[in-house]
Structure formats: C-alpha cells, structure tokens
Colleague: 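I'd like to ask you about the structure that follows.
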Amino acid sequence: MSLPNVILIIKGLRKVFEGSPPLVALENIDLDIYEGEFLCIVGPSGCGKTTLLRVIAGLEKPTDGEVLLRGRPILGPGPDRVMVFQEHTLFPWRTVLGNVMFGLELKGIPKDKALEAANSYIRLVGLEGFEHMYPHELSGGMRQRVAIARALACDPEMLLMDEPFSALDAQSRNYMQRELMEIWSKTGKTVVFVTHNVEEAIYLGDRIAVLTYRPARLRDVISIELPRPRDRLGQEFIELRAKVLGILKEEMEKAINQKLKPETPRRGKVKP
Ligand SMILES: Nc1ncnc2c1ncn2[C@@H]1O[C@H](COP(=O)(O)OP(=O)(O)OP(=O)(O)O)[C@@H](O)[C@H]1O
Ligand SMILES: [Mg+2]
C-alpha cells in the first residue's frame, strides 16, 4: 500500500495575539495533513480552532514555527485554499449562479467556460433548478451548498471549513453531512473541517485532531477507520464518540478551573 502524500506540514506552530497581556492562542502544534484526507479539528470553545484555520488560510501569520503547503511556506491567502464559514457569506445581490461564478470571474475564465463550470458545481451540490434564485430565497442548508459550490468552483487544493453547518437544525445538518461526504468523494479535495460537534467529526473525518483548552496544543489525533457512510448508532461509532467527548470534558474542566483561578499577569514570552 502506498503512503499518502503530505500536502501541508505544520511545525512548532505558535500564535500569540499581541495585547496586554498577550494571548497565546496556539502553542507548539505539529501536524501533517495528507492529500485528499478529511481532517476534522475539535476543541473546547475559544481554544484556537478558527485561528489555526486562519493560519492555514494565510489570514494570520505564525508567531513561531512554520506552515508549509507542498513544501513552501504560506505567505498569505491564495486560490489553492478556500474557506467556508459558519455564517453564509454569499453576495445577496447575486443569484446562486452569480455567486458560484464569482471566483471564476476573478480568475478571468471566459464566460462560456465559467458558466459551464459553475453549472457543474451547482449540480454537484444538488442545486439544479435554483440557479436564478437569490440567497434570501434559499434555506440555510441551500445557502451553505452555494457557499460550498462557490468554494469548489475556485478549484482549491484545500477546503477550509469553519463550522459550516452549525447554524442548521439537526436534520438539515445530518443531511448536509451526507451530501458533503458525497461531494468530497467525488472531488477528492483535502478538507480541514472545524466543528464543535463530536458526532459530526466522527461521521465525517478520516482523522480528528483534538485541541486542548487555550493555548491550543495538539492533545490527540484519532484515526477513524469506520467504513462510510457511517452508522451513527453503531457500537464503534458510539465508543469513539465517548472517547472524544471524554477528552473534551477533561479540557473543559481545565478551562473552568483556569477561570476560577485569579489571573496571573504574563510577562514576556510564555514558555512552551
Ligand atoms: N484577531 C485577534 N486578536 C486578538 N485575539 C484573538 C484574535 N482572534 C482570536 N483571538 C483570541 O484567540 C483565542 C482563540 O480564538 P478562536 O476564534 O481561534 O477560537 P475557536 O476555538 O475558534 O473558538 P469558538 O469555539 O468559539 O469558535 C480566543 O481567546 C480569541 O479571543
Ligand atoms: Mg471558531
């Protein structure tokens, strides 16, 4: 069996937000991400998940350490990494088709080619027939599909998803998870998916990276070997869920204890 290629290397990553006192969001994170994998990131609220995603997107610079995409340091955002956010960020004045066309227009792709590509992504996310509707005419799940189609239309190497389904009701969320698995298996993109929801992470991920409470360190990386589509009621699924929830509970307890202690002012650099 051939080993998967590493697409992204995170080495000794540390991110401090300046201020008084400075806030250490990420501490000494080492993680390799494989080409084509679906990696989920979970961690207590406010620990640094979005910050990690933003560093990969090139929207935040590491304070220390490095992040290498195919061996090259990430110097800023690029069309090879596209983010999908929790809140829909569609252009309200553009139709579904207009939104999906956006990235293609930026790339300067000729209109007929762009139309063809946009329509194929709209089909892929199951929105055929809705091309000419505006975001306000769509359900939350449909809007997130448009956001996914728009991201895919840029043909990125990596899709960076920050709790994209957390605003949806449970039923729509499960449905979108199934759809996302189909889309991922058809496109073969590398996906980094941040979620609060452990069940979602186990349903979707090849691996789950579990972060500690702030500063976020990498506490564990758990491989999910279960065949897809995954049975949420299966024994192994339930056991994995309990395992990850157990780790998160420990981290949340640490967070609560930390908050009960008086704040000690931090001077200079915080030791790793
Ligand atoms: N631009 C910034 N400037 C200063 N502090 C920031 C900035 N961005 C994030 N932080 C802080 O860094 C920490 C981690 O934030 P981040 O948004 O990455 O957490 P998260 O795990 O995504 O949280 P949530 O679970 O609520 O989405 C928080 O304490 C936050 O206040
Ligand atoms: Mg976040």
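Counting convention: from 1, in listed order, for ligands and their atoms alike.
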Colleague: Side chains of Thr190 and Glu35 only: does a donor on one sit below 3.5 Å from an acceptor on the other?
Modeller: no
Colleague: What's the shortest distance from atom 25 (O) of ligand 1 to any protein heavy atom, and which residue and atom give it?
Modeller: Lys49 NZ, 2.8 Å
Colleague: Treating Arg228 as the side-chain partner and Leu204 as the backbone partner, does any N or O pair qualify as donor plus acceptor under 3.5 Å?
Modeller: yes
Colleague: Does one side chain, of Thr195 or Glu200, offer a donor that lies under 3.5 Å from an acceptor on the other?
Modeller: yes
Colleague: Would a hydrophobic clustering, with Ile, Leu, Val, Met, Phe, Trp and Tyr connected at side-chain separations under 4.5 Å, put Ile109 with Leu152?
Modeller: no
Colleague: Looking only at protein heavy atoms, which one is nearest to atom 18 (O) of ligand 1, and what is the separation?
Modeller: Thr51 OG1, 2.5 Å
Colleague: Would you say atom 31 (O) of ligand 1 has a protein heavy atom nearer than 4.0 Å?
Modeller: no
Colleague: Please check if any side-chain donor atom of Thr89 sits under 3.5 Å from a side-chain acceptor atom of Arg150, or the reverse.
Modeller: yes
Colleague: Test of understanding: given a 4.0 Å heavy-atom threshold, classify the contact between His196 and ligand 1 as side chain, backbone, both, or neither.
Modeller: side chain
Colleague: I need the atoms of ligand 1 closer than 4.0 Å to a non-hydrogen atom of Glu163, numbered in the order shown.
Modeller: 27 (O)
Colleague: Is the shortest distance from a Lys or Arg side-chain nitrogen in Arg217 or Asp30 to a carboxylate oxygen in the other one below 4.0 Å?
Modeller: no
Colleague: Please state whether the rings of Phe193 and Phe38 are parallel, tilted or perpendicular, taking 30° and 60° as the class boundaries.
Modeller: tilted
Colleague: Counting N and O atoms only, with roles assigned by atom type, does the side chain of Gln144 sit under 3.5 Å from a partner on the main chain of Phe85, one being a donor and the other an acceptor?
Modeller: yes
Colleague: Is a donor on one side and an acceptor on the other found under 3.5 Å between the side chain of Lys49 and the backbone of Val42?
Modeller: no
Colleague: Which of these, Ala25, Gly46, Cys47, Pro44, has its nearest heavy atom closest to atom 26 (O) of ligand 1?
Modeller: Gly46
Colleague: Please find out if the Mg ion (ligand 2) and some N, O or S atom of Thr50 are separated by less than 2.8 Å.
Modeller: yes
Colleague: Are Gln177 and Arg230 linked by a side-chain donor-acceptor pair shorter than 3.5 Å?
Modeller: no
Colleague: Does atom 13 (C) of ligand 1 have any protein heavy atom closer than 4.0 Å?
Modeller: yes
Colleague: Under 4.0 Å, heavy atoms only, figure out whether ligand 1 is touched by the backbone of Leu52, its side chain, both or neither.
Modeller: neither
Colleague: Within the 4.0 Å heavy-atom shell around Leu23, which atoms of ligand 1 are there?
Modeller: 11 (C), 12 (O), 13 (C), 29 (O)
Colleague: Any idea which protein heavy atom is nearest atom 17 (O) of ligand 1, and the distance to it?
Modeller: Thr50 CB, 3.7 Å
Colleague: Which ligand 1 atoms does Ser45 reach within 4.0 Å, using its non-hydrogen atoms?
Modeller: 25 (O), 26 (O)
Colleague: Which residue and atom name correspond to the protein heavy atom nearest atom 8 (N) of ligand 1, and how close is it?
Modeller: Phe17 CZ, 3.4 Å
Colleague: Ignoring angles and geometry beyond distance, decide whether Arg214 reaches within less than 3.5 Å of ligand 1 through its nitrogen or oxygen atoms.
Modeller: yes
Colleague: If the cut-off is 4.0 Å to any non-hydrogen atom of Gly48, which atoms of ligand 1 fall inside it?
Modeller: 14 (C), 16 (P), 18 (O), 19 (O), 20 (P), 21 (O)
